[in-house]
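Before any comments, here is the structure.
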Amino acid sequence: MSEQSRTLPPEALDAWAAALRERFDLAPEDVPVSLILDLARDVAIGVARPAAPFSAFVAGLVAGRNGGSPADIESAVAAITALAGEWEHEA
């Protein structure tokens, strides 16, 4: 698979998000695409690129354990983003 074929244009990402919502019976506010993409960016910059998908998974896990509401998602993302902003890994 080429790198170009692995890059989604925005409309394809929207289609993928819609497919996930349909498959798992989720509302649009249950899948805050821009919030998760911002989280991934902040973690990739503040910690490391491989930490981004893992952190997104943890945000979902934490939000789900706390009730799974949009506010729970935002709270989990905010906490992880703050941690990434403060992160100083000892080499």
Side-chain angles (χ1 to χ4, degrees):
M1 179 178 281
S2 73
E3 187 63 32
Q4 184 177 8
S5 66
R6 294 179 55 185
T7 302
L8 291 176
E11 60 276 5
L13 182 57
D14 291 342
W16 176 242
L20 289 171
R21 287 193 307 267
E22 182 178 333
R23 170 64 174 87
F24 296 106
D25 194 28
L26 299 168
E29 61 270 13
D30 293 332
V31 186
V33 174
S34 62
L35 183 68
I36 299 303
L37 292 177
D38 289 348
L39 168 67
R41 177 202 61 221
D42 294 344
V43 170
I45 292 169
V47 182
R49 284 184 70 187
F54 177 70
S55 298
F57 172 83
V58 171
L61 181 63
V62 169
R65 287 186 174 175
N66 288 326
S69 73
D72 295 323
I73 297 167
E74 289 178 15
S75 178
V77 168
I80 293 171
T81 299
L83 182 61
E86 300 165 357
W87 187 252
E88 292 184 33
H89 178 69
E90 294 180 18

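The residues of the chain are indexed from 1 along the displayed sequence.
With hydrophobic clusters built from ILVMFWY side chains whose heavy atoms lie under 4.5 angstrom apart, Phe57 shares a cluster with Leu35. Cluster annotation: Leu26 and Ile73 are assigned to distinct hydrophobic clusters (Ile/Leu/Val/Met/Phe/Trp/Tyr, side-chain heavy-atom contacts under 4.5 Å, transitive). Under a hydrophobic clustering in which Ile, Leu, Val, Met, Phe, Trp and Tyr are joined whenever their side-chain heavy atoms come within less than 4.5 Å, directly or via other members, Phe24 and Leu61 fall into different clusters. If you chain together hydrophobic residues whose side chains sit under 4.5 Å apart, Leu39 and Trp87 fall into the same group.
Contact detail for Ser55 and Ala51: the closest heavy-atom pair is OG-O, 2.6 Å. For Ala17 against Val33, the heavy-atom pair with the smallest separation is CB-CG2, 3.8 Å.
Under the side-chain contact (heavy atoms from CB on, under 4.5 Å) criterion, Leu83 pairs with no residue, sequence neighbours left out. Taking the side-chain contact (heavy atoms from CB on, under 4.5 Å) definition, one finds that Ala44 meets it with Arg49, Ala52, sequence neighbours left out. With sequence neighbours left out, the side-chain hydrogen bond (donor to acceptor under 3.5 Å, both in side chains) criterion links Asp14 to no other residue. Residues satisfying the side-chain contact (heavy atoms from CB on, under 4.5 Å) criterion with Ser69, sequence neighbours excluded, are Ala71, Asp72. Qualifying side-chain contact (heavy atoms from CB on, under 4.5 Å) partners for Ile36, counting only residues two or more places apart in sequence or in other chains: Pro32, Ala56, Val77.
Applying the side-chain hydrogen bond (donor to acceptor under 3.5 Å, both in side chains) definition to pairs two or more places apart or across chains, those involving residues 22-38 are Asp38-Arg41.
Separation of atoms OG (Ser75) and CD1 (Ile80) is listed at 9.5 Å; rounding is to 0.5 Å.
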